[in-house]
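First the structure, in the form of structure tokens, and then the observations on it.
Whatever order the structure lists ligands and atoms in, that order sets their numbers, starting from 1.
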Amino acid sequence: MSEFKEIANAVIDGEVEKVAEIAQELVDAGKKPSEIIKEGLVAGMDVVGDRFKNNEMFVPEVLISAKSMHAGMDIVKPLLAEADTSSAGTVVIGTVEGDLHDIGKNLVAMMIEGAGYEVVDLGVDKSADEIVEAVKEHQPDVVGLSALLTTTMPAMEEAIEALEEASIRNEVKVILGGAPVSKDFADEIGADGYAPDGSVATDLVRKFA
Ligand code: B1M
């Protein structure tokens, strides 16, 4: 078994304490924090994402896997700053106004964070004005917007328009995601990118940040 396979499997199986224990063992053995995240924690969550997509795992299991990943991140994250990964850029992420779904957004945020970016998570139900304020305050490279309801997709367009009205649209790349969102929709409303999942979102952040 590869040295990171055990922790990845523990994430997939949702073994919160075991993930924390193995993360600590890997840290004590001198493994790089970024490798523990990428090869272990995120690799595990990638499998969870695929299984969820294929109806082989369901929401409660996804949540417990995400909790396990957090338990590992709690051990490893403090070491990131002092180790091999300088923050590669900043990403502001949030679920748009009227929408309370945050499980997918949280997964995406964790994966981007796992790739070494600073993530400012605004939470859910964020208005266009709140998004504009966050961009002014944090000056991110990328803003990630999530929507899970067809009825809240227009709030994504409103956010982009508000960035334009505030004359800061050119200073930031906007990426979109969420089950009802598509690349065509993202193109139509003038976003810079669309990601169906956390790994594509991370690739887009790497491209833009
Ligand atoms: Co709601 N809900 N929900 N819900 N919910 C859906 C989305 C729905 C499809 C269920 C259904 O009817 N089949 C439906 C939407 C229909 C539609 O508009 N097309 C729906 C509805 C109707 C509602 C309510 C209106 C129900 C009601 O009250 N009558 C209500 C709305 C509340 C509100 O938001 N104002 C509601 C409420 C809720 C709960 C609160 C109970 C709960 C949310 C809990 C929470 O998030 N904290 C909930 C849940 C859990 C779901 C389902 C079952 C699961 C969503 C989820 O977490 N998936 C969902 C049905 C389903 O999807 N099977 C449903 C797991 C997650 C890992 O996947 O979020 O798709 P997902 O995220 C993926 C990708 O989409 C992508 O990457 C993630 C990881 O792969 N992604 C991004 C997401 N954001 C991204 C951002 C990016 C990039 C990628 O870049 C920035």
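Among all protein heavy atoms, the one lying closest to atom 84 (N) of ligand 1 is Ser146 OG, 2.8 Å. Atom 20 (C) of ligand 1 has Leu149 CD2, 3.7 Å as its closest protein atom, hydrogens excluded (heavy atom only). Ile103 CD1, 4.1 Å is the protein heavy atom nearest to atom 50 (C) of ligand 1. Of the protein's non-hydrogen atoms, Asp102 N, 2.8 Å is the one closest to atom 46 (O) of ligand 1. Of the protein's non-hydrogen atoms, Phe52 CZ, 4.7 Å is the one closest to atom 63 (N) of ligand 1. Of the protein's heavy atoms, Leu107 CD1, 4.2 Å lies nearest to atom 79 (C) of ligand 1. Among protein heavy atoms, atom 33 (C) of ligand 1 sits closest to Leu100 N, 3.5 Å. If you check which protein heavy atom lies closest to atom 72 (O) of ligand 1, you get Gly104 CA, 3.2 Å.
Proximity of a side-chain donor or acceptor of Asp102 to a complementary backbone N or O of Lys105 within less than 3.5 Å is not detected.
Proximity to Pro196 (heavy-atom distance under 4.0 Å) selects the following atoms of ligand 1: 74 (C), 76 (C), 77 (O). With ligand atoms numbered from 1 in the order given, ligand 1 contributes 91 (C) to contacts under 4.0 Å with heavy atoms of Gly144. Atoms of ligand 1 lying under 4.0 Å from at least one heavy atom of Ala195, given by number and element, are 88 (C), 89 (C). Of all the atoms in ligand 1, the ones that sit under 4.0 Å from a non-hydrogen atom of Asp99 are 34 (O).
Two residues are said to be in side-chain contact when any heavy atoms from C-beta on lie closer than 4.5 Å; Val205 and Ile175 meet this criterion.
Taking any N or O of Leu145, backbone or side chain, none lies under 3.5 Å from an N or O belonging to ligand 1. Between Val108 and ligand 1, not a single N/O pair is under 3.5 Å apart.
Relative to atom 19 (N) of ligand 1, the option among Leu204, Thr150, Asp197 with the closest non-hydrogen atom is Thr150. Looking at Ala179, Ala201, Ala186, Gly178 and measuring to atom 83 (C) of ligand 1, the nearest heavy atom belongs to Gly178. Among His101, Met45, Glu97, the residue whose heavy atom lies closest to atom 5 (N) of ligand 1 is His101.
Heavy atoms from other residues, nucleotides or ligands lying under 6.0 Å from CG of Asp28 number more than 12.
Put simply, Ile103 and Met153 are part of two different groups of oily side chains (I, L, V, M, F, W, Y) that touch within less than 4.5 Å, one to the next. Ile93 and Val181 fall into different hydrophobic clusters, where Ile, Leu, Val, Met, Phe, Trp and Tyr residues are linked whenever their side-chain heavy atoms come under 4.5 Å apart, directly or through other members. One hydrophobic cluster, built from ILVMFWY side chains closer than 4.5 Å, cannot hold both Val108 and Val92; they sit in different ones.
Distance remark: protein heavy atom present below 4.0 angstrom from atom 36 (C) of ligand 1. Protein heavy atoms are absent from the 4.0 Å sphere centred on atom 52 (C) of ligand 1.
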